Amino acid sequence: MTTQARSRRGGALSSRLDRPVVVAFACIVALLLLGSLYSRSFLSPDYLLQQLKVASFLGVIATGALIVILLGQIDLSVPWLVAVGGMMATAATAWGPIGAWLAIPFGVACGVALGLVNGFGVAYLRIPSMIVTLAVNAVAQGLMVVHTGGFSPQDSSSPAMRALATGSLAFGLPNAVIVWIGIGACAVFVLNRTTFGRSVYGIGNRERAAYLSGVDTQRIVLLAFALAGGLSAFGGVLLAGYASKAAQGMGDAYLLPAIASVVLGGASIMGGRGSYLGTVAGVVLITLLQSILSVVQMPDAGRQVIYGAVIIGMLLLYGREGAAR
Amino acid sequence: MTESEQGPPILRMEGVSKRYGGVRALENANLAVSAGRIHAILGENGAGKSTLIKILAGVVAPDEGRIALDDREVAFGAPADASRAGIVCIFQELSLVPDLSVADNIAIVNPPTRFGMIDRRAQRRVAEAALARAGAEDVHPMALVKDLPLSRRQMVEIAKALARAPRILILDEATSALTAADVAKVFVVLKRLRDEGLALLYISHRMHEIAELADECTVFRNGSNVATYPAGTKSDAEVVELMIGRELSAVFPPKPRQRTASATPLLDVRRLSWTNRLRDVSFHVETGEVVGLGGLDGQGQRELLLALFGVLRGVTGEVRVAGRAVAPASPHAAKSTAIGMALIPEDRKTEGLMLPMSVGANLSFAALDRVSRAGVLDRDREGKLVRQMMDLLAIRAGSIDIPVGALSGGNQQKVVIAKWLMAEPRIILLNDPTRGIDVATKQEIYQLLRKLADAGAAILFYTTDYSELIGCCDRALVIYDGAIRRVLVGEEITERALVASALNIDSDTGVVAGGAS
Amino acid sequence: GPEVVAGPSADPKCFVPWADSTKFFKFPAKAGPYRVALANGYIANTWRIQMIQTAKAYAAQPDVAARLKEFKVVSTGEDVAAQIAAVNNFIDSGYDAIVVDAQNPEAFKPVVRRARQAGVVLVAFDNILDTEEAINVDVDQKGLGVYWAKWLVDTIPNGGKILEIRGVAGTSVDRDRHDGIHETLDKSGKKWDVIEVYGKWDDPTAQKVTADAIAVQKHFDGFTAQGGDTGAVQAMIDARQPFVPFGGETENGFRKFCAKYGADGLKCASGGTGPAQVAVAIKTALAALEGQVVPQSVKLPLATAEYPNFKDGVNFYSNLSDNFFVGNSFPTCGINFNAAEIMGQSKENK
Amino acid sequence: MSDWRYALAQNRATLISVAFFVAMFAIYASNHPAGFSANVVETAANKGVLLALVAMAQTFVVITAGIDLSVGSVFVLSNCLASAIVVGSAGHAALGVLGVIATGAACGAVNGLIVIVGRLQPIVTTIATGAIFYGLALLLRPTPGGDVYEPLADALTGRVFTVVPASLVALAAVALAVWIPYSRSALGRAAYAVGSSEAAAFMSGLPVASAKASAYVLSGLTASLAGLFLTFVTYSGEASAQTGGSYTLYSIAAVVLGGVSLYGGSGSAIGAIFGALMFRTIGDLLFVFNLDPLWQPLFQGVVLLVAVSLGAARLFRVRNRLELFS
Ligand SMILES: Nc1ncnc2c1ncn2[C@@H]1O[C@H](COP(=O)(O)OP(=O)(O)OP(=O)(O)O)[C@@H](O)[C@H]1O
Ligand SMILES: Nc1ncnc2c1ncn2[C@@H]1O[C@H](COP(=O)(O)OP(=O)(O)OP(=O)(O)O)[C@@H](O)[C@H]1O
Ligand SMILES: [Mg+2]
Ligand SMILES: [Mg+2]
């Protein structure tokens with residue numbers, strides 16, 4: 001009953017805008033206007049492009065988080081899969097000329113591999129995702145510590161990574177944003193127009209029914225986690241490109257914001273409901289909020305309090321579950 | 001209406017309306033209930049029966065209208081309020097808590113306590129007494145509800161209601177999963193309660209149950225009460241006409257003549273076994289045949305269907321489809337074109353549908369291969385097929401974009417059937433598909449099954465309703481304790497024969513061989 | 001427990017007392033070789049990994065190895081309670097000396113007491129303990145802030161707008177460095193406008209907050225960062241902010257930038273104490289075990305380099321990782337690890 | 001099936017976690033250089049009890065099918081608060097203890113209020129309130145420091161009757177005083193019911209809101225007890241985001257290892273306590289095996305992965321694949 005009252009269709013057969021998405025975008029505008037009271041620069045194209053560029057890293061990572069959340073699962077291995085992506089890509093850069101080419105695919109592939117472990121644990125061993133991904137996060141951390149200590153790895157980004165993350169092709173639009181748009185377009189297509197996407201929504205709503213409908217649920221879950229792992233790692237690659245180097249802790253700051261942006265975008269953490277556009281709004285919101293709080297010289301304590309309060313405030317505006325009756 | 005033999009109504013609902021978005025679930029509905037009477041409510045799927053009950057029980061708030069209890073107007077904010085007023089409800093969607101024990105569930109509202117903690121011994125006594133009253137002594141009070149089959153859960157639900165000592169007891173299709181034997185036990189209890197002076201509201205789609213039980217009937221159509229009459233004063237045909245607004249011809253479609261068995265039946269099962277629940281089951285289903293599975297509930301019929309559909313692990317024996325040996329390891333494999341199987345599952349809410357997803361997405365979910373190329377959906381084709389299926393089964397939904405959970409139970413069930421038909425299966429396994437479905441829809445489903453069989457499908461059909469076995473099936477396999485006890489063919493399928501073999505009473509000796517396990 | 005004696009210490013050039021009032025300890029001499037343990041907390045960053053590599057390398061040096069029966073390292077993660085338990089376990093297992101990089105400098109009072117009772121030498125470094133009962137090998141965190149600020153004051157003629165990129169809020173290191181910077185700037189007599197952001201000692205974070213600050217504030221006359229400096233410079237480059245003086249830490253990447261762009265205006269002062277301070281801590285522990293006089297609080301010298309003195313292969317390494325910390329030489333202690341030695345250490349072992 | 005078979009089946013998860021803990025601790029203690037001594041047990045207990053309390057706090061909410069990602073922050077906030085107010089005279093310290101507990105309960109109440117009245121999903125609510133609580137902790141303790149009433153700290157981290165760690169006694173007392181009465185009360189059972197099926201609980205007329213609220217309040221309260229205990233162990237307070245974050249995540253691991261279902265409705269805090277002790281023992285194993293320091297994190301990760309995968313063994317016994325989906 002509670003689920004029916006405010007439910008959204010999964011796998012959009014129509015493309016009407018969700019209320020949460022609209023409100024989230026309205027919040028973005030409100031936030032910018034509020035910021036502009038402090039400094040006009042918050043409305044300058046420079047600043048906005050800079051925010052979009054930074055948001056694109058979170059955006060790529062949150063794409064993976066969205067897919068997993070739509071399944072009704074959660075991926076806590078984000079921090080170290082991001083690090084694995086960045087560190088493996090930069091490590092590959094050291095393999096001479098081939099390395100420069102291989103860097104990005106190799107980093108992503110490592111993320112996919114660990115994502116497969118996540119997916120295998122969830123789909124085939126049926127361990128709750130919250131805990132397998134936590135364990136895989138610990139394993140990834142262990143691997144990276146061994147890697148750093150044992151192989152004195154290269155950790156500078158390849159030129160291609162730099163270009164991808166910091167360059168800009170046309171109209172001053174940063175490449176990172178273009179990459180995000182590309183990934184976003186793929187995600188929208190996959191979620192709305194493919195049997196895979198439809199199955200993801202189905203599993204998120206009721207895995208048992210999806211299984212009895214003859215969907216190969218285990219394979220879908222495995223794939224979804226692999227995809228999420230790859231996207232986390234790709235986020236790491238971009239981040240390494242942006243910082244021109246990789247470091248162990250680089251993913252720490254992305255786990256909770258990724259989950260928060262997916263949910264701020266109107267997705268249900270229980271799975272089966274949510275849209276990519278919402279996630280985009282959530283990502284931009286979180287990025288802006290963090291940036292504005294940092295720039296207006298708020299002390300850290302106050303920043304934390306305001307950050308939490310604003311998230312709750314916004315969710316109360318539009319993220320509420322249906323009433324029981 | 002005659003009020004000669006009854007006191008004034010203790011409960012009155014007047015002018016009650018409820019809308020869900022654009023759907024009018026109830027429109028100016030009225031109902032009066034008296035003590036010491038069993039009041040049946042009839043109506044086709046989506047007529048608003050459950051909505052009425054939910055309003056009465058405080059689960060749903062009405063848009064308008066008033067409820068008077070003992071001539072005092074009341075408004076229930078939550079089920080607990082209704083419960084305090086003595087109104088206890090057995091909902092169509094069960095309200096048992098799956099992870100708690102039977103005893104915990106039965107005593108859930110007011111558990112006996114000592115020093116602020118639940119007194120588990122006392123609670124157990126309460127539970128055992130309630131189970132005994134409901135005639136469900138076979139349920140262990142410490143078993144977890146989630147481990148019980150649906151029919152036992154319904155019995156627990158009834159026991160739970162009885163334990164709360166209601167003044168007004170409401171049963172919304174509370175017997176839909178029960179077998180004849182259980183129903184008989186429950187009826188004894190209900191009649192006793194009536195004689196003790198309770199008011200009972202009874203909703204069911206089984207006409208013969210209503211005939212046996214009710215003192216008074218109210219028919220709902222399109223959200224309003226259209227007639228109230230003393231039970232037994234109208235013929236079934238008249239009642240059906242009141243319900244659906246038109247006359248209904250014969251309930252069951254005519255059966256074709258008996259065929260001779262072919263060398264390679266479409267579905268051929270040999271010595272199928274699984275744990276101790278299935279023992280050497282061998283049978284076949286020809287193309288064009290509807291084969292029924294009968295017997296007491298829980299004798300392994302469900303397991304048989306699940307085993308064929310690739311859900312069970314460790315199944316031994318041989319299954320041949322069109323002569324080729326197959327061993328599907330998952331529904332995914334069973335659905336593949338090589339096998340072409342479909343299973344209409346037992347519980348539509350958890351196994352058949354994704355309730356929050358749209359009607360359209362649900363309908364195409366089992367047939368995604370048919371509406372996609374290389375994994376990419378063809379939305380035009382999907383829309384076309386979806387609308388085709390909605391027309392074929394006359395599914396009543398405002399639009400294909402509304403969540404399937406907003407449909408009435410009967411229409412939800414049709415969606416489950418339709419979604420599997422969309423996958424174009426050759427072998428259709430059905431697990432009690434007409435549970436909770438109104439007469440008119442049932443009739444449509446029977447006709448559909450026959451049409452599918454005629455078009456070349458093989459149908460294996462488990463039902464708890466004897467009349468369906470008799471009316472629908474070319475052959476009936478009666479299962480007892482995991483083995484086929486008897487095969488009845490054509491005219492042999494009679495209620496007498498079914499009951500006798502279901503209870504494992506050897507028709508020759510008349511000796512009962514063992515009780516239900 | 002140790003005897004409190006008068007100075008000076010056995011090796012006054014290396015074991016420099018923190019202040020004039022610093023006490024000197026003399027532990028009862030024990031016969032070697034010794035069992036020494038390193039109780040590390042968090043491990044998953046380059047600084048800590050490098051620190052552990054250095055510790056292993058130092059313990060493997062022939063003259064040190066000869067005095068060690070066992071050298072055991074345990075990393076317990078973020079959790080201070082786990083680290084306390086590890087130290088307690090080392091004490092119960094009969095180790096002679098325990099070297100600690102504390103997760104929380106305030107949390108070790110009970111442990112210090114227990115070590116004292118058991119006669120175990122406890123030496124803290126990096127995050128030193130808030131006690132006078134154990135030996136601290138101490139970096140002058142506030143002094144580092146003073147160093148950066150003083151250099152900025154000297155380099156920027158008329159004062160101006162400074163971006164201060166702080167570390168992790170809630171830590172004493174962050175506070176001390178910040179205090180050092182501000183006291184110095186305030187005393188300079190010039191007019192300074194300091195914008196503070198938190199870079200969490202992490203390059204991507206520092207880069208992001210720096211980029212944001214530049215986008216909003218448009219221009220700064222100077223930078224100072226406690227860590228994540230490479231990222232901060234990267235943000236300057238990306239935002240095409242003209243190069244200005246920068247007082248920062250000792251990351252290899254930062255010094256690479258400083259060497260490359262020094263002539264273009266990125267004048268740097270790079271100072272800090274690298275992870276090699278662990279070697280000083282071990283050396284101190286061994287000295288104490290042998291019954292030599294050591295100060296309760298050892299003051300580590302800062303390893304600094306300033307524009308235009310950045311030299312490849314000497315005080316930075318263009319062929320090595322950006323994340324590498326360069327301040328690894330403590331010549332007064334005879335400790336002078338070069339980069340290749342540390343990073344290659346376990347490769348040779350494996 | 002007879003009664004005891006049902007009782008066993010319903011407590012199996014808890015019993016398994018107890019068995020695993022005992023086995024792992026036996027391996028640890030028998031390989032410890034100092035052997036199975038009172039000191040070794042005390043050290044392990046003081047460390048284990050912290051996580052056990054946080055895991056217990058997590059259990060309350062997980063039972064209702066929620067999750068509390070702010071337990072770590074409440075833990076840190078209570079630690080900072082305790083280091084400021086559980087000081088001075090015995091009377092003052094006692095008041096301070098009450099103040100800390102009340103603050104923890106208030107934090108839980110805030111979570112509960114937002115989840116119940118605001119109808120937000122617990123996971124995001126607690127991510128956000130976690131930030132707020134941490135911010136407050138930082139306000140209280142910008143840098144590590146503070147103090148604690150030492151007699152109390154020493155008593156609770158020491159031993160009673162010279163062999164039994166006082167921390168274990170305290171843990172048992174909390175379990176007896178908080179968990180047992182709650183889980184056996186009508187309210188506690190309503191919490192289980194809500195976690196198992198909120199719709200069914202509502203339709204049955206259970207007090208859904210107060211059941212959830214009680215779970216969140218008790219969660220905050222128990223987390224504050226853990227924070228208090230951390231103060232006793234460290235004699236100080238520290239607003240560490242890392243500590244908060246890792247305790248939150250570890251508490252989830254502990255709860256799962258202890259057989260509490262993350263889907264709600266089943267499991268017990270007793271199981272979670274042993275899950276926490278087991279998780280801590282994984283960390284302790286580093287101590288007794290001679291591992292290269294840089295391989296230690298990997299070792300821990302792999303042991304954790306293996307430990308959580310062991311639960312998959314039950315899959316081999318599943319004959320009906322539908323059971324996998326409940
Ligand atoms: N939560 C809801 N949201 C939207 N529409 C609803 C909801 N519940 C019921 N309806 C609609 O209200 C109407 C009446 O439904 P109700 O469940 O009362 O029918 P019913 O008579 O009980 O049918 P059945 O015999 O199938 O159980 C139906 O059209 C149904 O689609
Ligand atoms: N969850 C339950 N559901 C149904 N019956 C139960 C349940 N738990 C226990 N019982 C039954 O209730 C009676 C008392 O149970 P039990 O022996 O566990 O409680 P007890 O001994 O009174 O309490 P304690 O556990 O504190 O010793 C027994 O007959 C037991 O079979
Ligand atoms: Mg109904
Ligand atoms: Mg119905």
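Chain naming here is simple, since letters A, B, ... match the order of the sequence lines and numbering starts at 1 in each. Quick caveat: nothing in here was measured; it's all calculated off a predicted structure.
For the options C:Gly228, C:Ala239, C:Ala211, heavy-atom pairs under 4.5 Å to chain A are most numerous at C:Ala211. Contact tally against chain A (heavy-atom pairs below 4.5 Å) for C:Ile214, C:Val197, C:Ile195: the top residue is C:Ile195. With respect to chain C, the highest number of heavy-atom pairs below 4.5 Å among A:Gln290, A:Arg303, A:Lys53, A:Arg40 belongs to A:Arg303.
For A:Ala246, the part lying near chain C is the backbone, with the side chain staying farther off; criterion is any non-hydrogen pair under 4.5 Å. Residue contact with chain C, scored on non-hydrogen atoms closer than 4.5 Å, involves the side chain of A:Tyr38 exclusively. If you measure heavy-atom distances from A:Ser244 to chain C, the contacts under 4.5 Å come from both the backbone and the side chain. Of the two parts of C:Ala44, the backbone and the side chain both hold a non-hydrogen atom closer than 4.5 Å to a non-hydrogen atom of chain A. Interface remark: A:Ser291 contributes backbone and side-chain atoms alike to the contact with chain C (heavy atom separation under 4.5 Å). Using a 4.5 Å cut-off between heavy atoms, C:Val233 does not touch chain A at all.
Between the side chain of C:Gln234 and the backbone N or O of A:Tyr242, no donor-acceptor pair lies under 3.5 Å.
Side-chain atoms of C:Asp212 and A:Gln51 include a donor-acceptor pair closer than 3.5 Å.
Applying the disulfide (SG to SG under 2.5 Å) criterion to C:Cys268, with sequence neighbours excluded, gives C:Cys258.
Remark: C:Tyr42 OH to A:Gln248 CD distance equals 8.0 Å, nearest 0.5 Å. With rounding to the nearest 0.5 angstrom, the CD atom of C:Gln50 is 11.0 Å from the OG1 atom of A:Thr148. A:Ser294 contributes atom OG, which lies 11.0 Å from atom CD of C:Glu196 (distance to the nearest 0.5 angstrom). For the atom pair CG of C:Asn252 and NZ of A:Lys245, the computed distance is 10.0 Å after rounding to the nearest 0.5 Å. Here the CG atom belonging to C:Asp238 is positioned 5.5 Å from the CZ atom belonging to A:Arg162, to the nearest 0.5 angstrom.
Within residues 203-210 of chain C, the residues that have a heavy atom under 4.5 Å from a heavy atom of chain A are C:Asp203, C:Pro204, C:Gln207, C:Lys208, C:Val209, listed by number.
Summarising the local packing, CG of A:Leu37 is surrounded by more than 12 heavy atoms from other residues, nucleotides or ligands at distances under 6.0 Å.
The closest side-chain heavy-atom distance from C:Lys218 to A:Ser39 is not below 4.5 Å. At a threshold of 4.5 Å between non-hydrogen side-chain atoms, the residues A:Val145 and C:Ile49 count as touching.
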Take A:Asp300 and C:Lys200 through the test salt bridge (charged side-chain N to carboxylate O under 4.0 Å, His left out) and record every step on the way to the result.
CA-CA 11 Å; A:Asp300 203 36; C:Lys200 300 192 174 164; over 6 Å; no

